[in-house]
Amino acid sequence: MVSEKIPDRTGASRELLLTALPFTVLTGGIWWWIGISLVSLALPLSGYALLAWVVVTGVPGQQGIGPANRVTFYRALGVVILAGILLEPQLPAHAQWAWVMLALAVLILDGLDGYLARRFKVSTDFGARFDMEVDAALILTLSLAVWGGGITGPWVLLLGLMRYLFVAAGWIWPWVNCPLPESFRRKTICVWQIASLVIVLVPITPSWLAVWILAPALMLLAYSFTVDLAWLYRAGGQHETQRHGTET
């Protein structure tokens with residue numbers, strides 16, 4: 001009997017464990033600076049534990065989590081902090097600026113993980129999916145901030161929920177779960193909508209300008225998903241329909 005080789009994730013576990021302390025200290029300092037109860041630190045710390053588990057169980061066996069996944073992990077931690085602060089009903093003006101700057105930093109780092117994956121030839125399916133889900137979580141967090149701040153109506157949540165509605169559609173129509181090819185259009189529109197949300201959340205941006213910035217972003221996003229759904233239907237949906245027709 002040939003024993004199956006079990007990936008050694010000791011390196012990744014050790015790295016993430018060493019990162020936990022500075023993350024706790026940094027987040028605690030932010031919470032103290034803003035004036036949020038330290039009891040609510042349970043949310044970002046739980047988020048850290050969940051992300052660490054996802055990374056450790058998802059990365060291939062290697063000495064660490066890798067340069068690209070490391071950047072994506074830090075971006076995910078930024079989203080966790082943003083979401084935690086978002087629960088605070090009233091933020092001082094300086095905290096609002098800090099929140100937007102952190103969101104901008106998470107956006108800027110979006111291109112770095114992909115570059116590192118190509119540069120060091122460590123691209124993996126897990127890394128690509130991890131990056132995509134972090135983007136989706138960031139967009140949802142920013143959309144909630146726009147709506148919660150009274151900048152626009154609840155329609156802005158469609159920007160953040162579109163990805164999850166797409167996933168839900170895959171539960172009904174299996175062909176939606178087929179892999180999509182790489183798309184510059186998809187990546188560009190993703191960055192566009194994140195940037196649009198960040199711009200709207202800048203405290204000095206006039207509220208009347210929000211609709212003119214976010215409505216085109218929503219239309220572009222809807223267009224992008226429509227194109228992807230049409231491609232997926234041609235690639236798998238028609239074949240699935242014909243197969244069922246033959247069986248009946």
Side-chain angles (χ1 to χ4, degrees), residues 7 9 11-13 15-16 19-20 23 44 47-84 86 101-145 159-170 176-198 217 220-221 224-225 227-229 231-232:
R9 298 188 174 94
S13 301
E15 180 176 348
L16 294 175
T19 310
F23 174 76
Y48 183 95
L50 177 60
L51 286 169
W53 176 81
V54 168
V55 171
V56 169
T57 57
V59 295
Q62 52 187 21
Q63 294 302 314
I65 65 177
N69 287 331
R70 185 176 297 114
V71 172
T72 308
F73 181 73
Y74 292 155
R75 291 181 60 236
L77 293 181
V79 175
V80 167
I81 293 175
L82 290 172
L86 196 61
M101 294 305 295
L102 177 57
L104 181 61
V106 175
L107 170 61
I108 293 173
L109 287 176
D110 189 19
L112 182 58
D113 47 10
Y115 166 77
L116 292 174
R118 294 187 296 271
R119 172 68 176 80
F120 294 98
K121 299 179 180 180
V122 290
S123 299
T124 63
D125 292 339
F126 168 79
R129 179 66 181 273
F130 188 29
D131 178 59
M132 179 174 59
E133 297 302 340
V134 170
D135 285 339
L138 174 61
I139 295 169
L140 179 57
T141 301
L142 295 174
S143 300
L144 287 168
L159 281 169
L161 294 174
M162 196 83 70
R163 158 68 185 163
Y164 300 101
L165 292 173
F166 184 84
V167 172
V176 177
N177 298 316
C178 295
L180 285 163
E182 290 287 330
S183 170
F184 178 76
R185 176 256 310 161
R186 193 181 306 119
K187 294 178 180 178
T188 302
I189 291 178
C190 176
V191 173
W192 183 297
Q193 60 179 316
I194 296 175
S196 298
L197 288 163
V198 171
L220 284 173
L221 183 63
S224 182
F225 274 103
V227 171
D228 286 342
L229 285 171
W231 187 93
L232 289 169

Report task. Tell me, please, which residues at least two apart from Arg129 pass salt bridge (charged side-chain N to carboxylate O under 4.0 Å, His left out). Result -> Glu133

Report summary line: Correct closest heavy-atom pair for Leu51 and Ala76 would be CD1-CB, 3.6 Å

Report summary line: All heavy atoms of Pro179 vs all of Trp231, minimum pair found to be O-CZ3, 3.6 Å

Query raised in the report: What pairs with Asp228 under salt bridge (charged side-chain N to carboxylate O under 4.0 Å, His left out), at least two apart in sequence or on another chain?
Result: Arg185, Arg186

Query raised in the report: Considering residues, nucleotides and ligands other than Trp192, do more than 12 of their heavy atoms fall under 6.0 Å from its CH2?
Result: no

Query raised in the report: Which value, rounded to the nearest 0.5 Å, describes the distance between Leu116 atom CG and Asn69 atom CG?
Result: 10.5 Å

Query raised in the report: Say you draw a straight line from CG of Asp135 to CG of Asp113; how long is it, rounded to the nearest 0.5 Å?
Result: 8.0 Å

Query raised in the report: Rounded to the nearest 0.5 Å, how far does CZ of Phe126 lie from OG1 of Thr57?
Result: 6.5 Å

Query raised in the report: What distance separates Leu144 CG from Leu159 CG, expressed to the nearest 0.5 Å?
Result: 11.0 Å

Requested in this report: Quick one: closest heavy-atom pair of Leu86 and Thr141, and the distance?
Outcome: CD2-O, 3.6 Å

Query raised in the report: With side chains defined as the heavy atoms from C-beta onward, is the minimum distance between Val80 and Tyr48 less than 4.5 Å?
Result: no

Query raised in the report: Can you tell if the side chain of Val106 reaches within under 4.5 Å of the side chain of Ile194, non-hydrogen atoms only?
Result: no

Report task. Assess whether atom OH of Tyr115 is packed by more than 12 heavy atoms of other residues, nucleotides or ligands within 6.0 Å. Result -> no

**Report entry** Contact summary for Ala169 and Val176, nearest pair of heavy atoms
**Finding:** O-CG2, 4.2 Å

Report task. To the nearest 0.5 Å, tell me how far Leu232 CG sits from Cys178 SG. Result -> 6.0 Å

Report task. Considering non-hydrogen atoms only, spot the tightest contact between Arg163 and Ala136 and give its length. Result -> CG-CB, 3.6 Å

Query raised in the report: Tell me, do Leu16 and Trp53 make a side-chain contact under 4.5 Å, heavy atoms counted?
Result: no

Query raised in the report: Do the side chains of Ile108 and Leu104 get nearer than 4.5 Å, heavy atoms only?
Result: yes

**Report entry** Partners meeting side chain to side chain contact (heavy atoms under 4.5 Å, CB included) with Tyr74 (sequence neighbours left out)
**Finding:** Thr19, Arg70, Leu77

Requested in this report: Classify the angle between the aromatic ring planes of Phe225 and Phe166 as parallel (below 30°), tilted (30 to 60°) or perpendicular (above 60°).
Outcome: tilted

Requested in this report: Taking all non-hydrogen atoms of both residues into account, name the closest pair between Gly160 and Ser143 and its distance.
Outcome: N-OG, 3.4 Å

Query raised in the report: To the nearest 0.5 Å, what is the distance between CZ (Arg75) and CG (Asp131)?
Result: 5.0 Å

Query - Note, Ile139 side chain near Cys190 side chain (heavy atom, < 4.5 Å) - result: yes

